[in-house]
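Reviewing the structure listed below.
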Amino acid sequence: KMSKSLGNLVTIHQFLEENEPDVFRLIILNSSYRGPLKFTDDVVGQAKKALARLRSALKPAQPGDGNVDASEKLTAQIESTRQGFLEAMDDDFNTAGALAHLFDLVRTINQGRDAGLDAEAIGRGQEVLIELTGVLGLRVEQSLSDQSIGPFIDLLLDIRTELRNQKLWALSDQIRDSLKALGVMVEDSKEGSIWYLE
């Protein structure tokens, strides 16, 4: 129970001072409109993790030649996700069920990236994810202002790659850690490095 007398009342404005609006949206979407809304620190933490998981599927593809099996699996999952999403929403506005289908798509996109799917194939899955999360009012895509910093980050990663080639590990790590502190995550692989916003 929440009430002013118990001192455990949290207004929406207070919540948004410490959390993204999409965290609140996920808490609502994971609940049934027919039942009471559970609000605890654990619920907030789970919503934050869920939002990060959705956004993880928007990371760019690793440089690679693609993977036919992974591409076919992603294509099948896209269709399955669309169908399952629509059925869940038609089932008494079951938003929690609809989200479950989106997380299936997220998992398949991330597996495809790890398997070497190219940017075009990954992009098809990402477009559907952005479309369907948009139906739920979630904003998982980077803003234009975020994208405008891309060339500068790419330049830093080019410098970092050269430092790594010269085995200057401390300086290379310093760039990676400094970017992380600014919310820019860097992932390395044998094909190269990619970045995304946390």
Side-chain angles (χ1 to χ4, degrees), residues 10-61 70-115 117-150 183-185 194-198:
V10 178
T11 67
I12 292 177
H13 291 295
Q14 289 171 332
F15 182 87
L16 294 179
E17 287 176 0
E18 300 179 6
N19 301 281
E20 289 185 63
D22 287 307
V23 172
F24 184 71
R25 290 185 181 100
L26 276 169
I27 293 172
I28 301 296
L29 291 168
N30 269 312
S31 304
S32 170
Y33 72 90
R34 290 181 179 272
L37 178 66
K38 293 183 179 178
F39 181 83
T40 65
D41 289 340
D42 286 341
V43 169
V44 175
Q46 289 168 9
K48 287 180 178 179
K49 288 179 182 178
L51 182 59
R53 189 171 162 210
L54 287 170
R55 288 177 172 164
S56 74
L58 299 184
K59 293 188 291 186
S71 181
E72 291 176 352
K73 183 178 179 183
L74 179 55
T75 298
Q77 183 61 60
I78 287 171
E79 292 307 313
S80 175
T81 296
R82 279 191 181 281
Q83 185 64 30
F85 184 92
L86 289 172
E87 289 176 358
M89 294 297 281
D90 285 344
D91 180 21
D92 198 24
F93 205 56
N94 182 5
T95 52
L99 279 171
H101 290 289
L102 294 182
F103 286 119
D104 288 340
L105 178 59
V106 166
R107 183 178 63 251
T108 306
I109 291 172
N110 288 335
Q111 289 173 345
R113 182 187 298 104
D114 293 341
L117 271 185
D118 58 27
E120 182 181 351
I122 291 289
R124 287 195 300 271
Q126 291 172 333
E127 286 174 7
V128 173
L129 180 66
I130 291 168
E131 175 192 345
L132 296 181
T133 52
V135 170
L136 297 176
L138 295 170
R139 294 169 294 190
V140 295
E141 198 174 11
Q142 294 178 357
S143 69
L144 290 175
S145 61
D146 294 333
Q147 294 172 4
S148 69
I149 65 174
V184 180
M185 309 302 292
I194 61 169
W195 65 270
Y196 59 95
L197 298 179
E198 188 175 31

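For reference, positions follow the sequence shown, starting with 1. Owing to the predicted nature of the structure, the values given are computational and were not obtained by experimental measurement.
Considering all non-hydrogen atoms of both residues, S56 and V106 come closest at OG-CG1, 4.0 Å. When all heavy atoms of A88 and H101 are compared, the closest pair comes out as CB-CD2, 4.5 Å. Across A70 and A115, no two heavy atoms sit closer than the pair CB-CB, 4.0 Å. Between I27 and A47, the shortest heavy-atom contact is CG1-CB, 3.7 Å. Nearest heavy-atom pair, I122 versus A61, reported as atom, atom and distance to 0.1 Å: CG1-CB, 4.0 Å. Residues K59 and Q126 share a closest heavy-atom pair of O-NE2, 3.0 Å.
Under the 4.5 Å side-chain criterion, counting only non-hydrogen atoms from C-beta, T108 is in contact with K73. Using a 4.5 Å cut-off on side-chain heavy atoms (C-beta onward), T81 and L129 make no contact. R139 places a side-chain heavy atom less than 4.5 Å from the side chain of R25. Residues S71 and R124 meet the side-chain proximity criterion, which asks for heavy atoms closer than 4.5 Å. Side-chain contact between D22 and R55 is present, with at least one heavy-atom pair separated by less than 4.5 Å. Between L74 and L105 the shortest side-chain heavy-atom distance falls below 4.5 Å. Contact annotation: the side chain of F85 never approaches that of V128 to less than 4.5 Å [non-hydrogen atoms, C-beta and beyond]. Using a 4.5 Å heavy-atom threshold, the side chains of M89 and T95 count as touching.
Pairs passing the salt bridge (charged side-chain N to carboxylate O under 4.0 Å, His left out) check and including a residue from residues 39-49, sequence neighbours excluded, do not occur. Legend: salt bridge (charged side-chain N to carboxylate O under 4.0 Å, His left out) pairs involving residues 84-93, not counting sequence neighbours, sorted by first then second residue: R34-D92.
Once rounded to the nearest 0.5 Å, the distance linking CG of L136 with CG of L102 reads 6.5 Å. Interatomic distance, CG of L16 versus CZ of F24, reported as 7.5 Å (0.5 Å rounding). Rounded to the nearest 0.5 Å, atoms CZ (F103) and CG (L54) are 4.0 Å apart. Put simply, CG on L138 and CD1 on I130 are 12.0 Å apart, with the number rounded to the nearest 0.5 Å.
More than 12 heavy atoms of other residues, nucleotides or ligands sit less than 6.0 Å from atom CD of Q14. Applying the 6.0 Å contact sphere to CZ of F93 captures no more than 12 heavy atoms from other residues, nucleotides or ligands.
Panel note: side chain R82, backbone L132; no donor-acceptor pair is recorded below 3.5 Å.
A search for salt bridge (charged side-chain N to carboxylate O under 4.0 Å, His left out) contacts involving R53 returns nothing, not counting sequence neighbours.
Under the 3.5 Å distance criterion, with hydrogens and angles disregarded, no donor-acceptor pair is assigned to the side chains of R107 and N110.
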Yes or no on side-chain contact (heavy atoms from CB on, under 4.5 Å) for L99 and L26, after CA distance, side-chain angles and deciding distance? CA-CA 9 Å; L99 279 171; L26 276 169; 3.9 Å; yes
